[in-house]
Amino acid sequence: LFGETPTEEQIALIMAHIDLETGHRKAMWNYNIGNITSDGSSNYYDDLTTQEQISPGKWKSMNLKYRAYSSLQEGVLSYLRTLSKNPRYADAWEHIIDPDPEAYSKGLKSGGYYTVSEKGYTKTLKSLCFIF
């Protein structure tokens, strides 16, 4: 998907994003490393109740379907394919290829990957990118 071996900066940005989305991998189920939701069309998903921010400072308990995988390799490939192949995340993927945590966060937000405040999400993402 990268065309070559990923750089340390690319891996650091991906790992920071995974850590942010999964609470340092403590809230990751069935190898869904990005906690990516599903429309339920696949046979492999988990129904989980989570708190989702619907507007700045306003949270709602929601039952969502999260993708489920049988291995870590399958989960990693799905996460990377989602970001690299889904047109919604083209801006985000561009900033994995040329690593820029702020632009990556903005691309994720514009693609609808997360609903929380962009400022807070970006600040947390940057704090987890130890290499930058």
Side-chain angles (χ1 to χ4, degrees):
L1 295 172
F2 288 87
E4 57 189 32
T5 302
T7 66
E8 287 182 19
E9 291 83 5
Q10 291 168 326
I11 292 169
L13 183 53
I14 290 167
M15 291 303 299
H17 184 223
I18 292 165
D19 279 355
L20 188 158
E21 283 292 329
T22 64
H24 301 282
R25 293 170 304 283
K26 293 177 186 164
M28 176 178 63
W29 293 272
N30 297 308
Y31 305 109
N32 186 342
I33 66 168
N35 278 340
I36 301 170
T37 56
S38 170
D39 62 6
S41 61
S42 166
N43 292 331
Y44 306 106
Y45 64 87
D46 277 333
D47 278 314
L48 299 171
T49 300
T50 61
Q51 294 294 316
E52 296 290 320
Q53 187 175 29
I54 56 173
S55 63
K58 187 172 180 180
W59 295 80
K60 180 179 179 181
S61 182
M62 299 176 73
N63 184 269
L64 299 172
K65 294 173 177 25
Y66 288 87
R67 294 180 187 179
Y69 306 99
S70 59
S71 70
L72 181 58
Q73 181 177 354
E74 186 182 345
V76 169
L77 285 173
S78 178
Y79 167 80
L80 292 173
R81 284 185 182 130
T82 296
L83 293 174
S84 66
K85 305 294 185 197
N86 188 325
R88 291 175 44 187
Y89 306 120
D91 289 340
W93 183 252
E94 176 183 327
H95 298 293
I96 288 177
I97 298 302
D98 184 17
D100 179 339
E102 285 187 42
Y104 178 60
S105 179
K106 185 176 187 68
L108 290 172
K109 179 69 171 180
S110 68
Y113 194 97
Y114 65 88
T115 59
V116 297
S117 154
E118 184 178 331
K119 182 178 179 181
Y121 195 94
T122 301
K123 181 179 178 181
T124 303
L125 182 66
K126 286 175 63 178
S127 75
L128 295 169
C129 288
F130 60 90
I131 203 163
F132 291 92

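In terms of modelled atom types and a separation under 3.5 Å, the side chain of T124 and the main chain of G120 share a donor-acceptor contact. Of the possible donor and acceptor atoms, one in the side chain of Y114 sits under 3.5 Å from a partner among the backbone N and O of S105.
Here the closest non-hydrogen pair linking L83 and L108 is CD2-CD2, 3.8 Å. P99 and L13 make their closest contact through CA-CD2, 4.2 Å (heavy atoms, listed as atom of the first residue, atom of the second, distance). Here the shortest heavy-atom pairing between A16 and C129 reads CB-SG, 3.4 Å. In terms of heavy atoms, F2 sits closest to P6 at CD1-CG, 3.7 Å.
Scanning for side chain to side chain contact (heavy atoms under 4.5 Å, CB included) contacts around S70 gives E74, with sequence neighbours left out. Partners of D19 according to the side chain to side chain donor-acceptor pair (under 3.5 Å) rule, which considers only residues two or more places apart in sequence or in another chain, are R25. Residues satisfying the side chain to side chain donor-acceptor pair (under 3.5 Å) criterion with T5, sequence neighbours excluded, are absent altogether. Residues passing the side chain to side chain contact (heavy atoms under 4.5 Å, CB included) test with A103, sequence neighbours excluded: H95, D100. E8 pairs by the side chain to side chain contact (heavy atoms under 4.5 Å, CB included) definition with I131, not counting sequence neighbours. The salt bridge (Lys or Arg N to Asp or Glu O under 4.0 Å) test applied to E94 returns no partner, not counting sequence neighbours.
Rounding to the nearest 0.5 angstrom, the gap separating the CG atom in L128 from the CD atom in E21 is 11.0 Å.
Within the structure, salt bridge (charged side-chain N to carboxylate O under 4.0 Å, His left out) pairs that include any residue of residues 101-120 comprise E102-K126 (at least two apart or interchain). Residue pairs meeting the side chain to side chain donor-acceptor pair (under 3.5 Å) criterion with at least one partner in residues 76-93, sequence neighbours excluded, are H17-Y79, R67-S78, R67-T82, Y69-S78, Y79-Y104.
One hydrophobic cluster holds both Y113 and L1 under the rule that ILVMFWY side chains link at heavy-atom gaps under 4.5 Å. Hydrophobic clustering, with ILVMFWY side chains joined whenever heavy atoms are under 4.5 angstrom apart, groups I11 together with I97.
Two residues are said to be in side-chain contact when any heavy atoms from C-beta on lie closer than 4.5 Å; I33 and V76 meet this criterion.
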